[in-house]
Structures are given as C-alpha cells and as structure tokens.
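Below is one structure; the comments refer to it alone.
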Number of protein chains: 2
Amino acid sequence: MTSEELAACMNTHPVVVRRTMGLLREAGLVRSARGHAGGWRISADLGKVTLRQLHAILGEPAIFAIGNRNETPDCLVEQAVNAALDDAFTRAEAVLLERFADITLADLAADFARRMAARREGHPHA
Amino acid sequence: MTSEELAACMNTHPVVVRRTMGLLREAGLVRSARGHAGGWRISADLGKVTLRQLHAILGEPAIFAIGNRNETPDCLVEQAVNAALDDAFTRAEAVLLERFADITLADLAADFARRMAARREGHPHA
DNA sequence: TTTCATGTAACTTCAATTATTACATAAAAC
DNA sequence: GTTTTATGTAATAATTGAAGTTACATGAAA
C-alpha cells in the first residue's frame, strides 16, 4: 500500500504515515519502495511481533499522562510524593508492558478475522 | 497558608492553587478563610485520605498518555487494536488505582519526616 | 523523460494545560 | 467605616507537544 492509501485509512496525512512507517522499516518490520508500484509491504512474521516491540520501536513514548513535575527536587515533600508515585507507576507500567509483550500482530489479525466473519453473517453494522 | 505562599512553594500561580484547592475544599479536605489571617487549613485526618481519593476528587484525570483515536470506530482493524489495548490498559489502571488506594497522606507525611531527619543528620544536600 | 512514490527538513495548526489578568466578595485591622 | 488582606471565579493569554502540511530532493518504473 502507498502512504496515501494508508493515510486515507487512518484519516491522517501521508507524511505522518511515512514518519511512523520509517521507524518500522528501520526495525525491519516493513519494506518500502519508491516509484511506480512502490509503497509499503510487511516483511516480518506477524506472530513474532509484539506490541511491546512496537512500543520500543516507536521510541517508548510516555505511557502515563500524569508525571512528576520535577525529577530531582530539593523539596522534601515533593521527594516523598515522587517516591510514592514512582513506585505505583512502576508497578502499573510493568503490568502493561507484560501484557503488551503477550500480544502479537497475529493475535490482532486473528481478532480482525473474527470480527470480519461476524460482520458478514448478520451483523453488518457492528 | 495563603494561596500566595503555596504558589511560591510549588512554583506556580496563586490562582492555580485556588482552583485546585477549591476542589479539595468541596471534598471537605481543607477549609479556606478570607481576609486577614485567611488562607488554607487542613481539615481531614491525613491517615484517612488516600491518593485514590485525591485522584477522584481532582476529577479522575486521564492516567494514560496513549489512548484510542476513536472509541467506536467502524474500522474492524481499529476495533481489534482498541480491544487489545483496552484490556491491557484496564489491567494496568487497576494495579495503579489499587496502589493509590493503599497510600495515605499520613504515609507521605511520615516519609517526609524520615527525609527531614536524614537531612538533619549529615545529609544536608540530599 | 515523464510519472509516481518515498525521504526528510521546515514550518504551521491544533488542542489542552497552565498561567495571568481583572474584578467581585468577605473578613479582620485600624 | 475605611483600608488592607485574602479568597472566588470568569475570561483571556501563553505555552507546550503532537499532528498536520508544505516544499523539494531522490529514486524507480513506465
């Protein structure tokens, strides 16, 4: 598929697609070709790519919207709050990333297939 | 303490302090007084206020920085992705909020006291 | 050599949070 | 009672980070 087609699918801009897909290409998950008949093609075994890997490949974006205002404050109150929150966030992050490590693109593809089949047999507007 | 003093402590603006403290007042955790000798005063048992409660009082702000682009997409691929992520996020959120429910302001105060003592006896620049 | 597609830098928009201004209200000090 | 000090709150401005867009270079096939 071309960046343009992908962008249309995702309601975004082709350049945004290229930016993100570029990271996937560096990681070897997809290949790209220029010119006629160019575009993007999967080059990985979907069963071996986990959401955990994708998160890493995409730069480990921050998981939590809440964060410390200051990582190394002099203020002892702030230090105590940070310590408590860091502990809580670390545990929650571990749970999330373990879960991510357990989900492969093949799993998502299988779920998609299930939904597609369900839509075909009588739930056209699911 | 006045909003002005609190704002100085937190490197923010007095009005921001009032906005947030106002929510705590509605919840009965603090009282405020106007005029001379006015300001904010704690009116709750620190041992009975948990971070979980504070999170609720402050409007349950979003915990995760990553979220679904669209909660109810027609696209079946997006539906499959959302389902997988929702499951992972729900688990992680549960862990975080359980942890929050286990931490009281008294715990934070105790940790602060520990740090204060440590600073006094030979770690002045901790 | 024209067309189509990616590669990438630079810039613009957008949305959400935070900060600020402005002014009303209330309580104590004088 | 009038001045000072403080909160209450609406309205606006500034800031920030992500997303979107433009512009142009590069490369491959028709």
Side-chain angles (χ1 to χ4, degrees), chain A residues 1-44 54-71 73 75 77-78 81-82 85 89, chain B residues 1-44 54-71 73 75 77-78 81-82 85 89:
Chain A
M1 290 179 77
T2 66
S3 302
E4 194 129 14
E5 289 166 335
L6 286 167
C9 287
M10 302 185 219
N11 295 307
T12 182
H13 197 281
V15 173
V16 176
V17 171
R18 285 189 202 114
R19 273 206 284 254
T20 304
M21 295 295 280
L23 295 172
L24 300 186
R25 183 188 48 224
E26 286 172 27
L29 301 191
V30 299
R31 273 172 300 177
S32 63
R34 304 186 189 207
H36 271 92
W40 302 90
R41 187 174 293 273
I42 294 171
S43 68
L54 289 182
H55 179 252
I57 289 167
L58 298 179
E60 312 229 332
I63 287 171
F64 297 106
I66 313 171
N68 300 339
R69 284 176 79 94
N70 182 345
E71 286 305 325
C75 172
V77 174
E78 197 172 354
V81 172
N82 282 359
L85 292 183
F89 283 128
Chain B
M1 288 179 76
T2 65
S3 303
E4 193 129 11
E5 289 165 334
L6 286 167
C9 287
M10 303 185 218
N11 295 306
T12 183
H13 197 280
V15 174
V16 176
V17 171
R18 284 188 203 115
R19 273 205 285 256
T20 305
M21 295 295 281
L23 295 172
L24 301 187
R25 182 188 48 224
E26 285 172 27
L29 301 193
V30 299
R31 274 173 299 175
S32 63
R34 304 187 189 206
H36 272 93
W40 302 89
R41 188 174 293 276
I42 294 171
S43 68
L54 289 182
H55 179 251
I57 290 168
L58 298 179
E60 311 229 332
I63 287 171
F64 297 106
I66 313 171
N68 300 339
R69 286 176 76 96
N70 183 344
E71 286 305 324
C75 170
V77 173
E78 197 171 354
V81 171
N82 283 358
L85 292 183
F89 282 127

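Just so you know, these numbers come straight off a predicted model, no measurement behind them. Just so we're on the same page: letters track the sequence lines, and every chain starts at 1.
When the side-chain nitrogen and oxygen atoms of A:S32 are compared with OP1 and OP2 of C:dG7, one or more of them lie within a distance under 4.0 Å. Contact annotation: A:S3 side-chain N/O to C:dT6 OP1/OP2 distance is under 4.0 Å.
Residue A:E5 contributes atom CD, which lies 13 Å from atom P of C:dC4 at whole-angstrom precision. Between the CG atom of A:L24 and the P atom of C:dT6 there is a distance of 14 Å, given to the nearest Å. The nearest whole Å value for the distance from the CG atom in B:N70 to the P atom in D:dA19 is 15 Å. Distance CG (B:L58) to P (C:dT17): 13 Å, rounded to an integer number of Å. With rounding to whole Å, A:F64 atom CZ is found 20 Å from D:dG17 atom P. Atoms CD (A:E4) and P (D:dT22) sit 12 Å apart, rounded to a whole Å. Put simply, CG on B:L6 is 17 Å from P on C:dT18, counting in whole angstrom units. Between the CD1 atom of B:I66 and the P atom of D:dA18 there is a distance of 12 Å, given to the nearest Å.
Looking at heavy atoms from C-beta onward, B:L29 lies out of side-chain contact with B:L23 at the 4.5 angstrom threshold. With contacts defined as side-chain heavy-atom distances shorter than 4.5 Å, the pair A:V15/A:R18 qualifies. At least one side-chain heavy atom of B:H55 sits under 4.5 Å from a side-chain heavy atom of B:E60. Taking the side chain as every heavy atom from C-beta outward, A:I66 and A:F89 approach each other to under 4.5 Å. The side-chain heavy atoms of B:M10 and B:T20, taken from C-beta on, include no pair separated by under 4.5 Å.
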Strictly under 3.5 Å: I want the nitrogen or oxygen pairs between protein and nucleotides 24-26 of chain C, one per line.
residue : atom : partner : partner atom : Å
C:dT25  : O2   : B:R34   : NH1          : 2.5
C:dA26  : O4'  : B:R34   : NH1          : 3.2

Which protein N or O atoms sit under 3.5 Å from an N or O of nucleotides 8-10 of chain C?
residue : atom : partner : partner atom : Å
C:dA10  : N6   : A:R19   : NH1          : 3.3

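Annotation: B:I42, atom CD1; neighbour count of heavy atoms from other residues, nucleotides and ligands within 6.0 Å does not exceed 12.
Note that CD of A:E26 and CD1 of A:I57 are 10.0 Å apart. Values are rounded to the nearest 0.5 Å.
No donor-acceptor pair closer than 3.5 Å links the side chain of B:S32 to the backbone N or O of B:G22. In terms of modelled atom types and a separation under 3.5 Å, the side chain of A:T12 and the main chain of A:V17 share no donor-acceptor contact.
The residue B:R69 sits close only to the backbone: its heavy atoms come under 4.0 Å of sugar-phosphate atoms, none of a base.
Each of A:T12 and B:W40 was matched to the nucleotide of DNA chain D holding its nearest heavy atom; the match closer to the 5' end belongs to B:W40.
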